[in-house]
Every structure is written in structure tokens, then in C-alpha cells.
Number of protein chains: 2
Amino acid sequence: MIDDRDRKLLALLQEDAELPVNDMAERVALSVSACWRRIRRLTSDGYILRRVAILDRRKMQVPTTMYVTIRTSDHSSNWLENFRAAVADVPEIVETYRLTGNIDYLLKVILPDVEHWDIIYKRLVSRVNFFDVSSYISMEEVKSTGQIPTNFV
Amino acid sequence: MIDDRDRKLLALLQEDAELPVNDMAERVALSVSACWRRIRRLTSDGYILRRVAILDRRKMQVPTTMYVTIRTSDHSSNWLENFRAAVADVPEIVETYRLTGNIDYLLKVILPDVEHWDIIYKRLVSRVNFFDVSSYISMEEVKSTGQIPTNFV
DNA sequence: TGTGAAACTATTCCGTT
DNA sequence: AACGGAATAGTTTCACA
């Protein structure tokens, strides 16, 4: 189990994984070694999965976000496997969820521009059959914390 | 502008931001100093925004993902400001996009369990008026790379 | 562009509570 | 079991060739 200090450390690391242990130790009122041991434990216990760099979408020339809802009439495991493989092969599709309700799948797609979706779309439908594919362009990112909630009010 | 080596470095850093410069240098066939200078440039030019820790959702007791579509009949800037503030105040809402088409907003919500959505829902509707709120539970994360595409086939 | 030394950080060790 | 302090090991950073 983790305590409030651990939670605080995890929140800090979610914000900035480059903070020196020294600084983190100060923020949670611990010695460097105690703090370091906690971080090691949180890592080996699997709370911290990895540390990654966040890149600038505009700089990387992929500023466009689209969401795509998918409905299928074929609910066989064969179809799913096929779909899964197709989705895995397209780097522009960064997230895919199977949902409850009248939408079967939701894709998040990251693209250089809206027109590029057509290429991806064609690549998908050439490999998988769909009953319905509806796409929504993101006009504005109102909120985006890459962080999971660590505390609850 | 960035070249193929830069692109490779960025891809590596997106995968694992803890790699020592030494290792990265080997992977792109560069000297440590040359590689280090590239990384510094990529950072100061804003390609690399920051480095963050990725936490385990299950370990953190928030395994549930929901997507919520929102439609409003009030398109005033006042409503938007109100909505934006409400969304900002809820840590469980990790992403919010304004979309084209018949869905106005799409929320991604991270929760301890499905039941918890009711609490969030009540908190939202107490502050903002909605025309329609539809929620979809994620049954399965089919794909999720926290990475933006760095190269195109 | 590369070398190597200085500066900074992470990590381990050990005695204490 | 977990802490703090001190010693050690490893990386990053940068001046200079």
C-alpha cells in the first residue's frame, strides 16, 4: 500500500519526471535516501511504469486530432483479430477502445492535417469491413492533462 | 528542421526517456557529445516539451475509462467559459475536445469504477446546463501508445 | 566534432530510531 | 521497517582543442 507521501511523489513525477531526487525529497520533507528508496519501491512495485518524453504536436507536424467511431455488424473473434492487427499497423491511430453502447469502437487519430485521414481510412477499409465509420475533427483541445487522478476531493 | 537522426532520437525518447545519452548515441551512430547537443537543441527548440512518469492505472485504483459525449444548446462564450472551468476543476476528466459535427464535446474520464461517474456527472450538471450527455464505458483498451507518430509509411 | 575534466545526480552503505 | 548522513558510482554538461 502507498501513503500520502508516495502519492505526492507520484503526482510530482507525473508532472515532471526530471525533478532531481533532491528536490522531490524536499517537497515531501524526507531525506534524499528515504525518498530515493520510495521511488525505487514505487517503480519495482509497478506503480511507475516508465518515463517518457512528451513531444510538441505542432513541431512534429501532426497537429490534427480526430476521433473516429466505428460500428461493425460482424462480431466474430476473427473480425476482431483482423481489426486489431489493422489498427496496430497504423501509427497515426494512437488509441483504440472497445465501448459499451451503440458505438463499438472509438479511435483517436493524430494526423498532419484533416486530409490525411482519407489515406488512413482507405488503408483501414481495405483490410476490415465496417458497418459504419464516423469521424469527428477536434477543433480545440479544451483540456488535456496526460495525468491520471491521484487524489479525490 | 530536423533530420532522420533527430526523428529517431525523439522516437526513442518517446519510448523511454531514461535512456542514458550514451545508449542513445550508440543507437543513432553518433558520439555522445554530438548526440547530447542534438537532444539539447530538440529541447530548447521545443520539440521535447517535458518528461513525465507513466503510472499504472490499476495500481493507482483508477482502472475505468469512460468517454462522454456532450451536446449543448447554449453556444454563448459565457457557457463555454463556465464549462471550461467546470471541466478544469475535475481531475477525473483528463481530456476534453471540442469537435465538429453533431457531438459538441468529447470527454475522457478516468475513474475508480463505473459507479463513480455518477458523482462526476452530478458535479458537472450542478454547474453547467447540457442538452445531452451520453456516456460510454470502455470495455477494452485495444490500443494505446502514448506516442505521436514520428514517421510515415 | 571529439576529449576529458568539472559539476551534478543517483545510488549504496551504514549506523540510528 | 524506515530513516538520515556520508561515501561512492555514474551521468550530464561544457570549455577547449
Side-chain angles (χ1 to χ4, degrees), chain A residues 1-61 145-152, chain B residues 1-63 112 145-151:
Chain A
M1 228 3 71
I2 60 173
D3 63 17
D4 284 349
R5 275 205 176 105
D6 291 325
R7 219 166 270 282
K8 182 71 192 290
L9 288 174
L10 291 168
L12 286 171
L13 285 169
Q14 258 199 137
E15 193 77 42
D16 178 6
E18 296 183 283
L19 271 177
V21 181
N22 204 305
D23 294 18
M24 315 237 319
E26 275 183 21
R27 300 241 214 153
V28 296
L30 271 178
S31 72
V32 172
S33 51
C35 184
W36 182 84
R37 277 188 294 259
R38 275 171 185 261
I39 294 168
R40 181 181 58 177
R41 188 172 60 76
L42 291 169
T43 304
S44 67
D45 287 357
Y47 290 90
I48 299 167
L49 294 174
R50 58 205 187 110
R51 292 146 192 251
V52 302
I54 306 298
L55 308 185
D56 186 288
R57 294 262 301 268
R58 291 222 165 75
K59 284 278 188 184
M60 297 303 289
Q61 316 273 320
T145 73
Q147 294 158 226
I148 68 176
T150 51
N151 52 14
F152 298 90
Chain B
M1 231 3 72
I2 61 174
D3 64 17
D4 283 350
R5 277 209 176 100
D6 290 324
R7 221 167 268 283
K8 183 72 193 291
L9 287 174
L10 292 168
L12 285 171
L13 285 170
Q14 260 200 135
E15 193 76 41
D16 178 5
E18 297 183 283
L19 274 176
V21 181
N22 204 306
D23 295 18
M24 314 241 314
E26 275 182 23
R27 300 242 214 152
V28 296
L30 272 178
S31 72
V32 174
S33 53
C35 184
W36 181 80
R37 277 190 286 259
R38 274 172 188 260
I39 294 169
R40 183 181 57 177
R41 188 173 61 77
L42 290 169
T43 305
S44 66
D45 287 357
Y47 289 90
I48 300 166
L49 293 175
R50 59 205 187 110
R51 293 150 193 248
V52 302
I54 306 298
L55 309 184
D56 187 288
R57 296 263 301 267
R58 289 220 166 74
K59 283 279 187 182
M60 297 304 287
Q61 316 272 316
V62 282
T145 72
Q147 293 158 228
I148 68 175
T150 51
N151 51 15

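Values below: every heavy atom of this structure, side chains too, minus hydrogens, waters and symmetry copies. Predicted, not measured: the structure shown is a model, and the values here were computed from it. Per chain, numbering begins at 1; letters A, B, ... match sequence-line order.
Side-chain atoms of B/Ser31 and base atoms of C/dG2 include no donor and acceptor less than 3.5 Å apart.
Minimum atom distance to the side chain of A/Arg37 is reached by D/dG4, of the listed D/dG4, C/dT11, D/dT12. Ranking C/dG2, C/dT11, C/dC13 by closeness to the A/Val32 side chain, first place goes to C/dT11. You'll find that the side chain of B/Ser33 is closest to C/dG2, out of C/dG2, D/dC3, C/dT12. The side chain of A/Arg38 approaches D/dC3 more closely than any other nucleotide in the set D/dT12, D/dC3, C/dA10. Nearest nucleotide to the side chain of B/Arg40, out of D/dC14, C/dC14, D/dT12: D/dC14.
At the heavy-atom level, A/Arg41 lies nowhere under 4.0 Å from the strands shown.
If you take CH2 of A/Trp36 and P of D/dA6, they are 19 Å apart, rounded to a whole angstrom. With rounding to whole Å, A/Asn22 atom CG is found 8 Å from C/dA10 atom P. In this structure, the CG atom of A/Leu30 is 14 Å from the C1' atom of D/dA1, given to the nearest Å. In this structure, A/Asp23 atom CG and C/dA10 atom C1' are separated by 13 Å, rounded to whole Å. Rounded to whole Å, atom P of D/dG5 lies 12 Å from atom CD of A/Glu26. Taking atom CG of residue A/Leu42 and atom P of nucleotide D/dA2, one finds them 12 Å apart after rounding to whole Å. Straight-line distance from the CD1 atom of A/Ile39 to the C1' atom of C/dT11: 12 Å, rounded to whole Å. Separating the CE atom of A/Met24 from the P atom of C/dT11 is a distance of 12 Å, rounded to the nearest angstrom.
Taking the side chain as every heavy atom from C-beta outward, B/Ile2 and A/Lys59 never approach each other to under 4.5 Å.
Under a 3.5 Å cut-off, the side chain of B/Asp3 and the backbone N or O of B/Arg5 do form a donor-acceptor pair.
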*Do B/Arg51 and A/Arg51 pass the side-chain contact (heavy atoms from CB on, under 4.5 Å) test, and can you show the C-alpha distance, the side-chain angles, and the key distance before you say yes or no?*
CA-CA 7 Å; B/Arg51 293 150 193 248; A/Arg51 292 146 192 251; 6.0 Å; no
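The pair A/Asp6-A/Arg38 meets the salt-bridge criterion, with a side-chain N (NZ, NE, NH1 or NH2) lying under 4.0 Å from an Asp/Glu carboxylate O.
Checking the phosphate oxygens (OP1, OP2) of D/dA2, no side-chain nitrogen or oxygen of A/Arg5 falls inside 4.0 Å.
Minimum interatomic distance between B/Leu49 and A/Leu55 (heavy atoms only, all atoms of both residues): CD1-O, 3.8 Å.
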